[in-house]
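Numbering starts at 1 and runs along the sequence shown. Both ligands and their constituent atoms are indexed starting at 1 by order of listing. Note: hydrogens, waters and symmetry copies are ignored here, and every other heavy atom, side chains too, is used.
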Amino acid sequence: MTRTVYYTATTLDGFIATPEHSLDWLLTRDIDNTGPMNYDEFIAKVGAIAMGASTYAWILEHAPGGWEYAMPAWVFTHREFPPPADGADVRFTTDDIESVHAAMVAAAAGKDVWIVGGGDLAGQFADHGLLEEMIVSYAPVTIGAGAPLLPRHVEFRLEELAQNREFACARYVVVRDGE
Ligand SMILES: NC(=O)c1ccc[n+]([C@@H]2O[C@H](COP(=O)([O-])OP(=O)(O)OC[C@H]3O[C@@H](n4cnc5c(N)ncnc54)[C@H](OP(=O)(O)O)[C@@H]3O)[C@@H](O)[C@H]2O)c1
């Protein structure tokens, strides 16, 4: 059964990047890649991904391994971007969230859908009742300002909590009205 999940790392004060889109506060930290809520286990269950323009731009400019997503990707943007690599399945879109989500679920074929970020895009999925889970790794740092984790009022239920070296990792399920 497909789940739509926002999986990300954040600062303690709720930012996923600095105002200049730096992730330096994150990338130097100690994490066990086989430990609780690790990325490799998560991505193995993902069949489609979505991200906003800033996140895509960051990956193009900075990602150490370049574009490393084998599954179809939707990039929400009004800008013109180059494709990430030959043969990569990337669809630039300004379509509405619901129709993109339906296409993602179909493409995922039973696997999960990953909202990579940013926070407002995850919020747009939540606005439509389409966000089901959030998995957050909290780095032990505050940065005072930046790109927000999830600039909305969304109610969650904590389902899982663990330490992975420097990170506090938590898995939350979105609580819908009446639950
Ligand atoms: N800590 C982590 O693990 C983590 C994870 C993911 C991302 N990040 C970082 O966090 C930052 C997020 O940046 P951000 O907050 O600016 O969010 P973003 O979602 O990456 O980019 C926002 C932009 O996406 C476009 N967009 C969003 N919704 C759209 C829609 N419905 N239709 C069409 N276009 C839409 C708009 O750009 P245009 O209209 O100009 O195209 C918008 O300004 C980035 O630096 C990223 O690298 C960190």
Please list, one pair per line, the donor and acceptor atoms closer than 3.5 Å that link side chains of residues 45-63 to other protein atoms, with sequence neighbours excluded.
residue, atom, partner, partner atom, Å
Y56, OH, P82, O, 2.6
W58, NE1, H21, O, 3.3

### Working for side chain to side chain contact (heavy atoms under 4.5 Å, CB included), residues V116 and Y6
CA-CA 6 Å; V116 183; Y6 178 33; over 6 Å; no
### Task
Please test N38 against D32 for side chain to side chain contact (heavy atoms under 4.5 Å, CB included), starting from the C-alpha separation and ending with a verdict.
CA-CA 7 Å; N38 72 72; D32 176 359; over 6 Å; no
Sub-3.5 Å pairs, protein N or O with ligand 1 N or O:
residue, atom, partner, partner atom, Å
ligand 1, 1 (N), A9, O, 2.8
ligand 1, 1 (N), I16, O, 2.9
ligand 1, 3 (O), T8, OG1, 3.1
ligand 1, 3 (O), A9, N, 3.2
ligand 1, 16 (O), S54, OG, 2.8
ligand 1, 19 (O), G118, N, 2.8
ligand 1, 20 (O), S54, N, 3.4
ligand 1, 20 (O), T55, N, 2.8
ligand 1, 20 (O), T55, OG1, 2.6
ligand 1, 20 (O), G118, N, 3.4
ligand 1, 21 (O), A53, N, 3.4
ligand 1, 21 (O), S54, N, 3.1
ligand 1, 21 (O), S54, OG, 3.2
ligand 1, 24 (O), A53, N, 2.9
ligand 1, 28 (N), Q124, NE2, 3.0
ligand 1, 31 (N), Q124, OE1, 2.8
ligand 1, 34 (N), T77, N, 3.3
ligand 1, 39 (O), H78, ND1, 2.5
ligand 1, 40 (O), R79, NE, 2.7
ligand 1, 40 (O), R79, NH2, 3.2
ligand 1, 41 (O), T77, OG1, 2.5
ligand 1, 41 (O), H78, N, 2.8
ligand 1, 41 (O), R79, NE, 3.4
ligand 1, 45 (O), H21, ND1, 2.6

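Residues in residues 107-119 take part in no side-chain hydrogen bond (donor to acceptor under 3.5 Å, both in side chains) pair, two or more places apart or across chains. Residue pairs meeting the side-chain hydrogen bond (donor to acceptor under 3.5 Å, both in side chains) criterion with at least one partner in residues 142-169, sequence neighbours excluded, are R29-E166, D30-R165, D120-R152, D127-R152, H153-E155, R157-E159, E160-R171.
At distances below 3.5 Å, not a single donor-acceptor pair connects side-chain atoms of N33 with backbone N or O atoms of Y39.
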